[in-house]
Amino acid sequence: MSFQNLKKNSQSTISRLTQELDKLNKGSESYKDDRFWKPEVDQAGNGFAVIRFLPAVDGEDVPWTRIFTHGFKGPGGWYIENSLTTIGKKDPVSEMNTVLWNSGNEKDKEIARERKRKLSYIANILVVSDPKHPENEGKVFLFKFGKKIFDKIMEKIQPEFAGDQAVNVFDFWQGANFKLKIRKVAGYTNYDKSEFDTPTPLLDGDDVKLEALWKKQHGLKEFNDPSSFKSYKELKTR
């Protein structure tokens with residue numbers, strides 16, 4: 001841009017800067033990470049997709065990571081933040097929830113319930129089938145999911161009953177596709193009918209294709225890196 005244009009547009013610059021500041025002030029609520037895949041449901045709250053959980057990337061030992069978050073609406077608007085308890089530090093919301101819960105007042109306890117931390121997991125997946133968005137099929141994404149799906153993973157890795165085959169669902173060769181079946185039950189999203197398919201090699205066990213796929217995966221360390229969290233003071237202010 002020339003100096004002449006800079007001078008000419010000086011009056012309109014303030015409006016553009018205001019728009020950008022508005023975006024920043026919205027914070028995490030307006031931020032969308034395109035690395036993440038999220039299944040789409042119909043108007044009834046039902047959905048279906050097939051995904052494959054993928055192994056750990058080079059330099060990482062575990063194919064998933066765990067995070068705690070808080071999401072609730074208060075007098076000053078929405079509070080949507082990662083909890084410092086994820087990395088073993090004190091978090092102001094958790095501390096306040098303890099105070100509220102120990103007050104013995106039922107209204108305080110209800111506030112604490114509404115503000116309790118939420119447990120989520122993040123892993124790399126390959127989208128095998130996505131009826132709502134077939135353009136996602138064959139692509140690697142990050143997938144954020146809750147305890148219900150994680151429990152189904154653990155049930156395959158560590159079977160409850162003797163004689164049941166242990167399956168590393170994250171393995172390229174010995175793993176299994178996951179049929180994600182989403183329903184709306186009593187007003188809540190339900191994954192109870194989701195299940196793993198019969199173990200089968202991914203991409204027909206073609207090592208060349210599998211290595212290329214492996215190199216497209218995303219690292220997970222950033223989600224537990226202290227630099228990815230706001231400080232205690234910042235969260236206390238929020």
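Given the structure is predicted, the values throughout are model-derived calculations rather than measurements. Just the heavy atoms: all of them, side chains too, but no hydrogens, waters or symmetry mates, feed the values below.
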S.K.: Nearest heavy-atom pair of N190 and D192: which atoms, and what distance?
M.R.: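 In terms of heavy atoms, the two residues are closest at OD1-N, 2.8 Å.
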S.K.: Are S103 and N105 close enough that a side-chain donor and a side-chain acceptor fall under 3.5 Å?
M.R.: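 The criterion, which ignores hydrogens and geometry beyond distance, is not satisfied for N105 and S103.
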S.K.: Could you tell me whether the side chain of W214 and the main chain of K209 form a donor-acceptor pair under 3.5 Å?
M.R.: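 A pair under 3.5 Å: no.
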S.K.: Within this structure, what is the OG1-NZ distance for the pair T69 and K144, rounded to the nearest 0.5 Å?
M.R.: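 T69 OG1 to K144 NZ: 5.0 Å, rounded to 0.5 Å.
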S.K.: Counting only heavy atoms not in D225, do more than 12 sit closer than 6.0 Å to its CG atom?
M.R.: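 Check passes, neighbour count above 12.
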S.K.: Please lay out, stage by stage, how E95 and K89 fare under the test salt bridge (charged side-chain N to carboxylate O under 4.0 Å, His left out).
M.R.: CA-CA 11 Å; E95 290 180 338; K89 294 184 177 182; over 6 Å; no
S.K.: Any link between L54 and L180 through a network of hydrophobic side chains (Ile, Leu, Val, Met, Phe, Trp, Tyr) touching at under 4.5 Å?
M.R.: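 No, L54 does not connect to L180 through the hydrophobic network.
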S.K.: If we count only N and O atoms by modelled type, under 3.5 Å, do the side chains of R117 and T85 hold a donor and an acceptor together?
M.R.: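 Side chains of R117 and T85: pair found under 3.5 Å.
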S.K.: Do the charged groups of E110 and R113 touch, with an N to O distance under 4.0 Å?
M.R.: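 So E110 pairs with R113 through a salt bridge.
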S.K.: To the nearest 0.5 Å, tell me how far R66 CZ sits from Y121 OH.
M.R.: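 That separation rounds to 6.0 Å.
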S.K.: Between S228 (side chain) and E222 (backbone), is there a donor-acceptor pair under 3.5 Å?
M.R.: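 Yes; at least one donor-acceptor contact below 3.5 Å.
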S.K.: Does some side-chain heavy atom of F48 sit less than 4.5 Å from a side-chain heavy atom of K179?
M.R.: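 SC-SC contact between K179 and F48 confirmed.
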S.K.: Out of I122, I51, N124, which residue meets the side chain to side chain contact (heavy atoms under 4.5 Å, CB included) rule with F143?
M.R.: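 Only one option passes, and that is I51.
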S.K.: So, do L142 and R35 sit near enough that their side-chain heavy atoms are less than 4.5 Å apart?
M.R.: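 Answer yes - side chains close enough.
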S.K.: With no hydrogens and no angle check, is any side-chain donor or acceptor of Q217 less than 3.5 Å from a backbone partner on P55?
M.R.: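 Judged by distance alone, yes, a pair lies under 3.5 Å.
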S.K.: Please round to the nearest 0.5 Å and tell me the distance separating atom CG of L210 and atom NZ of K215.
M.R.: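 Rounded to the nearest 0.5 Å, the CG-NZ separation comes out at 12.5 Å.
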S.K.: Between atom CG of L203 and atom CG of L126, what is the distance when rounded to the nearest 0.5 Å?
M.R.: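 It is 6.5 Å, given to the nearest 0.5 Å.
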S.K.: I need the minimum non-hydrogen distance between A49 and P131, along with the two atoms involved.
M.R.: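 Answer, listing the atom of A49 first, then P131: CA-CD, 4.4 Å.
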S.K.: Taking atom types as modelled and ignoring hydrogens, do the side chains of W37 and D130 form a donor-acceptor contact shorter than 3.5 angstrom?
M.R.: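 Note: W37 and D130 side chains meet the donor-acceptor criterion.
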S.K.: Looking only at heavy atoms, which two atoms of L84 and F229 are closest? And how far apart?
M.R.: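 Shortest heavy-atom separation between L84 and F229 comes out as CD2-CB, 3.8 Å.
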S.K.: What distance separates S194 OG from F178 CZ, expressed to the nearest 0.5 Å?
M.R.: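 These two atoms lie 4.5 Å from each other.
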S.K.: Applying a strict under-4.5 Å side-chain criterion to I, L, V, M, F, W and Y, I'd like to know whether M154 and L119 cluster together.
M.R.: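 Result: yes, single cluster for both.
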S.K.: Please determine if E60 and K221 form a salt bridge, counting it only when a charged side-chain N lies under 4.0 Å from a carboxylate O.
M.R.: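 So E60 does not pair with K221 through a salt bridge.
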S.K.: Linking I/L/V/M/F/W/Y whenever any side-chain heavy atoms sit under 4.5 Å apart, do V128 and F196 land together?
M.R.: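 Different hydrophobic clusters.
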S.K.: With a 4.5 Å cut-off on side-chain heavy-atom distances among I, L, V, M, F, W and Y, is there a chain of contacts connecting W101 to I111?
M.R.: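 No, separate clusters.
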S.K.: Taking atom CD as the centre, does E135 end up with more than 12 heavy-atom neighbours from other residues, nucleotides or ligands that are less than 6.0 angstrom away?
M.R.: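 For E135, atom CD is crowded (more than 12 foreign heavy atoms under 6.0 Å).
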S.K.: Flag the pair F223 / N82 as yes when at least one side-chain heavy-atom distance between them is below 4.5 Å, and no otherwise.
M.R.: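 Contact flag for F223/N82 side chains = no.
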S.K.: Can you tell me which residue among T65, N224, D91 is in a side chain to side chain contact (heavy atoms under 4.5 Å, CB included) with T86?
M.R.: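 Of the listed options, the one satisfying the test is N224.
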S.K.: Are K132 and E137 within salt-bridge range, i.e. N to O under 4.0 Å?
M.R.: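 Result for this pair is no, no salt bridge flagged.
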S.K.: Consider only side-chain N and O atoms of N46 and R183, and report whether a donor and an acceptor are under 3.5 Å apart.
M.R.: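 There is no such pair between these side chains.
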S.K.: If you round to the nearest 0.5 Å, how far is CZ of F36 from NZ of K38?
M.R.: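 Interatomic distance, K38 NZ to F36 CZ, rounded to 0.5 Å: 11.5 Å.
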S.K.: Listed by chain and number, what are the side chain to side chain donor-acceptor pair (under 3.5 Å) partners of R52, not counting sequence neighbours?
M.R.: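 By the side chain to side chain donor-acceptor pair (under 3.5 Å) rule, R52 matches N177.
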S.K.: List the atom of L235, the atom of P92, and the distance in Å for their closest heavy-atom pair.
M.R.: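 For L235 and P92, the tightest heavy-atom pair comes out as CB-CG, 3.6 Å.
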S.K.: Starting from Y191, can I reach I125 by hopping between I/L/V/M/F/W/Y residues whose side chains sit under 4.5 Å apart?
M.R.: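 As far as the 4.5 Å side-chain criterion goes, Y191 and I125 are connected within one cluster.
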S.K.: Among K152, K181, K156, which one satisfies side chain to side chain donor-acceptor pair (under 3.5 Å) with E195?
M.R.: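 The option that passes is K181.
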S.K.: Please tabulate, one pair per line, all N/O donor-acceptor pairs under 3.5 Å involving side-chain atoms of residues 161-176, not counting sequence neighbours.
M.R.:
residue: N168; atom: OD1; partner: F170; partner atom: N; Å: 3.1
residue: D171; atom: OD2; partner: W173; partner atom: N; Å: 2.8
residue: D171; atom: OD2; partner: Q174; partner atom: N; Å: 2.5
residue: W173; atom: NE1; partner: D207; partner atom: OD1; Å: 3.1

S.K.: Restricting to non-hydrogen atoms, name the atom on F53 and the atom on A123 that form the minimum distance, rounded to 0.1 Å.
M.R.: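 Looking at all heavy atoms of both residues, the closest pair is CD2-CB, 4.2 Å.
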S.K.: For the backbone of R115 and the side chain of H70, can you confirm whether one donor and one acceptor N or O come within less than 3.5 Å of each other?
M.R.: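 Confirmed, H70 side chain pairs with R115 backbone.
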S.K.: With a 4.0 Å cut-off on N to O distance, would you call E234 and R238 a salt bridge?
M.R.: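 So E234 does not pair with R238 through a salt bridge.
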